[in-house]
Undergrad: 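Handing you this structure, nothing more for now.
For ligands, and for the atoms within them, numbers begin at 1 and follow the listed sequence. The figures here come from the full heavy-atom set of this structure, side chains too, leaving out hydrogens, waters and symmetry mates. All values reported here derive from a predicted model rather than from experimental measurement.
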Amino acid sequence: MKYQSTRNKGVSVSAAQAINNGISPEGGLYVPASIPQISLEDIASLAELKYADRAAKILGMFLSDYTPDELSYCAHNAYSEEKFGSDNTAPVCSLDDTLNILELWHGPTCAFKDMALQILPYLLKLAIGKNGENNEVVILVATSGDTGKAALEGFRDVEGTRIQVFYPVDGVSDIQKLQMTTQDGKNVSVCAVNGNFDDAQTGVKKIFTNEEYKKELNLRGYTFSSANSINWGRLAPQIVYYFSAYCDLLKNDKINNGDKINIVVPTGNFGNILAAYYALQMGLPVNKLICASNSNNVLTDFINTGVYDRNRTFYTTASPSMDILISSNLERLLFHMTGRNDETIRGYMSELEVNGKYTVSDDVKSKIQEIFVAGCCDDAATSQTIAKYFNKYSYVVDTHTAVALNVYEKYVENTGDTTTTVVASTANPFKFNEAVISAISPETSLDGKDEFELLEILAQKGNIEIPAQLSELKTKAVRFKDVCNKEDMRVQTDKFLN
Ligand SMILES: *Cc1c(COP(=O)(O)O)cnc(C)c1O
């Protein structure tokens with residue numbers, strides 16, 4: 001299987017090269033040159049496997065330059081019981097006959113980013129070897145919070161890799177800071193930067209694009225790489241859990257093989273829902289893909305009108321991981337919907353860069369609308385939805401998942417659709433404890449409560465258990481106390497590599 005670029009169809013690289021490079025040199029995203037097909041019989045046999053083996057099989061269809069043994073090794077290490085609490089890596093919780101929640105947050109950082117970032121380090125390390133290098137892989141990350149922790153956990157103690165994370169000194173929450181500064185692992189390093197997130201990100205970019213420094217490091221046995229969310233190595237693992245959810249519904253007699261399902265996804269960068277689209281293209285029986293946004297509803301408008309317009313107010317919401325106005329992975333969908341027309345994509349993307357806006361043709365718009373439905377909801381509706389599901393099902397959802405549930409309800413009201421539905425649940429409610437407590441127990445005062453008190457309150461009010469990954473932070477020693485100026489990020493990186 002070869003990979004093309006959305007901005008240059010002529011590009012043809014292996015999966016290992018696509019994963020190694022992250023982004024194509026002319027700025028496009030890598031997409032598979034064809035979509036592998038899976039039959040209903042294949043799905044039935046996947047249903048007999050554990051998650052890690054389901055993952056190895058599906059990844060094998062895309063990453064054909066990896067051997068089955070290699071993929072099995074990657075998947076079993078990434079999705080181990082130690083990391084996910086059980087071998088039920090992405091469990092499906094059925095609330096009633098039609099509505100099922102796909103819980104993607106049982107990993108080490110309690111959020112769905114773990115599903116991809118746990119396996120990426122293994123794929124990347126092998127990719128570098130396949131591309132003829134034996135260097136140690138060095139990952140640099142600038143983070144505004146969650147991605148840094150998920151990347152640290154993913155790369156922790158993965159042989160042949162090292163990771164250095166920079167975070168803005170006053171730009172992350174207390175619990176996010178603790179999650180990072182207490183990080184275990186012998187190949188990890190964390191440093192605060194005097195400045196904001198942009199300063200940290202600019203500093204990392206400067207190191208990445210310093211060719212002289214890269215050469216020097218190469219000689220010292222290191223190769224830089226990135227764990228960016230547009231990397232194919234992060235997208236491909238996300239396709240797996242949609243098949244896995246379908247298999248679990250089959251096993252639990254919720255559906256018959258071949259029945260179509262709806263998939264609802266709370267969306268930011270469009271990665272998670274794009275993975276569901278690839279699953280559909282491969283042959284997963286899907287009725288509608290429902291794209292849910294918060295008040296930053298640029299995707300809702302795009303899917304409903306065909307106009308992508310980022311020139312709008314940016315809102316800081318209760319579902320911060322979806323506070324995005326440029327959804328990078330949408331470029332891949334457009335490439336497929338235009339019949340792999342790289343020229344059209346170059347046009348859209350340059351309009352986006354110059355005017356912040358582009359309009360797709362009516363033909364492309366109707367193709368998108370055949371499959372996708374979109375909706376959005378604000379923070380007040382998010383909070384009401386959390387309360388509603390708690391009262392009705394005693395089930396506690398986080399703010400991102402609540403956006404998805406709200407949009408799904410409106411879809412059902414409008415259409416009367418009774419198709420079995422899977423809602424992707426992207427974070428453990430404890431990660432957004434304050435908003436969740438306010439929703440399910442508005443009478444509880446949270447004034448002056450610290451993060452650990454909030455965890456206790458949510459456990460009690462919601463009748464759910466605090467994940468050990470979060471409660472144990474209280475007793476863990478802080479390992480990383482360094483703070484550097486933005487000019488000194490390279491010095492800091494050097495110190496770590498020596
Ligand atoms: C990253 C994230 C999302 C958005 O996912 P995309 O793949 O960017 O669309 C939604 N919810 C949570 C909790 C996230 O961390």
Undergrad: Do me a favour and list the nearest non-hydrogen protein atom to atom 7 (O) of ligand 1 with residue, atom name and distance?
TA: N272 N, 2.9 Å

Undergrad: Using non-hydrogen atoms of the residue, decide whether A111 is closer than 4.0 angstrom to ligand 1.
TA: no

Undergrad: Does this structure show an ion pair linking K392 with D96, if we count only N-O contacts that are shorter than 4.0 Å?
TA: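 No, K392 and D96 are not salt-bridged.
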
Undergrad: Got the closest protein heavy atom to atom 8 (O) of ligand 1, with its distance?
TA: N269 N, 2.7 Å

Undergrad: I need the atoms of ligand 1 closer than 4.0 Å to a non-hydrogen atom of G271, numbered in the order shown.
TA: 6 (P), 7 (O), 9 (O)

Undergrad: Looking only at side-chain N and O atoms, does Y348 offer a donor or acceptor that is under 3.5 Å from a partner on N341?
TA: no

Undergrad: Just need the protein heavy atom nearest to atom 9 (O) of ligand 1, so name the residue and atom and give the distance.
TA: G268 N, 2.8 Å

Undergrad: Looking only at protein heavy atoms, which one is nearest to atom 13 (C) of ligand 1, and what is the separation?
TA: T426 OG1, 3.4 Å

Undergrad: Which heavy atom of C377 sits nearest to which heavy atom of K410, and what is that distance?
TA: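 Smallest interatomic distance, heavy atoms only, reads CB-NZ, 3.8 Å.
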
Undergrad: If the threshold is 4.0 Å, N to carboxylate O, is there a salt bridge linking E456 and K449?
TA: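 The answer is no: the pair does not qualify as a salt bridge.
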
Undergrad: Which ligand 1 atoms does F270 reach within 4.0 Å, using its non-hydrogen atoms?
TA: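 Contacts of ligand 1 toward F270, numbered from 1: 6 (P), 8 (O), 9 (O).
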
Undergrad: In terms of atom number and element, which parts of ligand 1 are under 4.0 angstrom from non-hydrogen atoms of T267?
TA: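 Heavy-atom distances to T267 below 4.0 Å select 9 (O).
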
Undergrad: Tell me whether the rings of F270 and F372 are parallel (<30°), tilted (30 to 60°) or perpendicular (>60°).
TA: tilted

Undergrad: Does ligand 1 have any atom sitting under 4.0 Å from a heavy atom of D146?
TA: no

Undergrad: Numbering the atoms of ligand 1 from 1, which are under 4.0 Å from a heavy atom of F112?
TA: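 Answer for ligand 1: 1 (C), 2 (C), 3 (C), 5 (O), 7 (O), 14 (C).
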
Undergrad: Grab the two heavy atoms, one from L46 and one from I58, that are nearest each other, plus how far apart they are.
TA: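 Between these two residues, the closest heavy atoms are CD1-CD1, 3.7 Å.
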
Undergrad: Using a 4.0 Å heavy-atom cut-off, say whether K113 meets ligand 1 through its side chain, its backbone, both or neither.
TA: side chain

Undergrad: Is it true that K431 and D146 make a salt bridge, defined as a side-chain N closer than 4.0 Å to a carboxylate O?
TA: yes

Undergrad: Y308 and Y358: aromatic ring centres closer than 6.0 Å?
TA: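 Yes, they do, as the ring centres are separated by less than 6.0 Å.
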
Undergrad: Would you mind listing which atoms of ligand 1 come within a distance below 4.0 Å of any non-hydrogen atom of A427?
TA: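 In order of numbering, the contacting atoms are 13 (C).
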
